[in-house]
Amino acid sequence: MDHNAIVEEILRRVAEKISEAEGSCAPCADSGGKPGLLILTQDHGTVCHATLESEALKARYRTDCALMHHYDVELDDYEAVVLFNLSCDAMAALASGACDSAYTRLASKAILSGKKVYVPTEEVELYQYRETAPAAYYNMMQQKLDLLVASGVVICAQASLEQVILGSASPVPAAAAPVRAAAPAEPAPAPAASAPAAACCEERAARVNKRVLTEKDLIEANMSGVTEVHIGGKTIVTALAKDAAKDRGMTIVRDED
């Protein structure tokens, strides 16, 4: 092959590479500059696929699946991440920072990068053991989940996930627990000997003046030693907030406005 033929062959191959590169960027151009929404899962499933193909989400986001790319993605290309299959092992790894899989490493990086991270309640394996696990062990694992929530991870029911991501609804978890109504005030004053104990109880009570009481509010109050949270008569209490109070032995008292 003479010199000119070699040059022409090199140019042909370069042109092919350029054409392939332009073709691979076509989806980005078609996205119209939309922010990215990354689906992060350990296994393919119908639920995560439905989120990936949601027309409402695709109208605002360029949806993508990390597993389809073998987790080889650039988080800078995405605004938000949705975690599916949050097993107890993965949750513990994320909470400890000792991430030993592509899934947990990518999830950890998303949290550290300040991305919006969402987890459907039904995808949290820990909740499957709420009624069977020993209280001490469950509370230990719950604290790891609390850490993720305190770090900005949003946990909400799958049914409301789409609306929460789009900002048209507040997180509404799936399960529910009762809220105790405020007891009527006792007409007779407490004996003098019990005054110190009453003062102690008052120090462990707090009022939260918010329209919606969330799990995060309960976690933060509990970390401050609060065991009784007072709310207004019209305050909305999310189901996960009720569960958080139940798991921590806290009482939610609804006062009359």
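Worth knowing before you read on, the calculation uses all heavy atoms, side chains too, and leaves out hydrogens, waters and symmetry mates.
- Under the 3.5 Å distance criterion, the side-chain polar atoms of E122 are matched with a main-chain donor or acceptor of Q158.
- T121 contributes a side-chain N or O that, together with a main-chain N or O of C156, makes up a donor-acceptor pair within less than 3.5 Å.
- Note on V149 and L147: separate hydrophobic clusters, where clusters join Ile, Leu, Val, Met, Phe, Trp and Tyr whose side-chain heavy atoms are under 4.5 Å apart, directly or indirectly.
- In this structure, E228 contributes its side chain and T251 its backbone to no donor-acceptor pair below 3.5 Å.
- In terms of modelled atom types and a separation under 3.5 Å, the side chain of N222 and the main chain of L218 share no donor-acceptor contact.
- Not a single side chain to side chain donor-acceptor pair (under 3.5 Å) links Y71 to another residue, sequence neighbours left out.
- Annotation: salt bridge (charged side-chain N to carboxylate O under 4.0 Å, His left out) contacts of E74 (sequence neighbours excluded): none.
- Hydrophobic clustering (side-chain heavy atoms under 4.5 Å, transitive across Ile, Leu, Val, Met, Phe, Trp, Tyr) groups L75 together with V119.
- A heavy-atom distance below 4.5 Å is found between the side chains of D243 and R130.
- M223 meets the side-chain contact (heavy atoms from CB on, under 4.5 Å) test with I219; sequence neighbours excluded.
- Atom SG in C65 sits 8.5 Å away from atom CG in L40 (nearest 0.5 Å).
- A side-chain contact (heavy atoms from CB on, under 4.5 Å) with Q42 holds for exactly one of L86, L83, N85, T104; it is N85.
- Listed by first and then second residue, the salt bridge (charged side-chain N to carboxylate O under 4.0 Å, His left out) pairs involving residues 106-119 are E79-K116 (not counting sequence neighbours).
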Check the pair R207, D255 against side-chain contact (heavy atoms from CB on, under 4.5 Å), reporting the backbone distance first and the verdict last.
CA-CA 10 Å; R207 180 174 177 83; D255 299 325; 3.0 Å; yes
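- Qualifying salt bridge (charged side-chain N to carboxylate O under 4.0 Å, His left out) partners for K58, counting only residues two or more places apart in sequence or in other chains: E53.
- Side-chain N or O atoms of R62 include one that pairs as donor or acceptor with a backbone N or O of D77 at under 3.5 Å.
- The side-chain heavy atoms of V82 and P120, taken from C-beta on, include a pair separated by under 4.5 Å.
- For the residue pair C88 and M141, the shortest heavy atom distance occurs at CB-CE, 3.8 Å.
- In this structure A133 satisfies the side-chain contact (heavy atoms from CB on, under 4.5 Å) test together with Y129, Y138, sequence neighbours excluded.
- The side-chain contact (heavy atoms from CB on, under 4.5 Å) check on A56 picks up S54, E162, L166, with sequence neighbours excluded.
- In this view, Y103 satisfies the side chain to side chain donor-acceptor pair (under 3.5 Å) rule with no residue, not counting sequence neighbours.
- For the atom pair CG (D64) and CG (L37), the distance works out to 9.0 Å, reported to the nearest 0.5 Å.
- For D217, the side chain to side chain donor-acceptor pair (under 3.5 Å) criterion is met by K210, T214, not counting sequence neighbours.
- With contacts defined as side-chain heavy-atom distances shorter than 4.5 Å, the pair Y127/I155 qualifies.
- For the salt bridge (charged side-chain N to carboxylate O under 4.0 Å, His left out) condition, no pair includes a residue of residues 80-107, sequence neighbours left out.
- Atom CG of L52 is separated from atom CE of M68 by 7.0 Å, given to the nearest 0.5 angstrom.
- The CG atom of L106 lies 10.5 Å from the CD1 atom of I111; values are rounded to the nearest 0.5 Å.
- Here the side chains of M91 and L94 are not in contact, with every heavy-atom distance at 4.5 Å or above.
- L112 and L148 fall into different hydrophobic clusters, where Ile, Leu, Val, Met, Phe, Trp and Tyr are joined by side-chain heavy atoms under 4.5 Å apart, directly or via other members.
- The main-chain N or O of I231 is never found under 3.5 Å from a side-chain atom of R254 such that the two would form a donor-acceptor pair.
- Partners of S108 by side chain to side chain donor-acceptor pair (under 3.5 Å), not counting sequence neighbours: none found.
- Panel note: side chain S96, backbone A93; a donor-acceptor pair is recorded below 3.5 Å.
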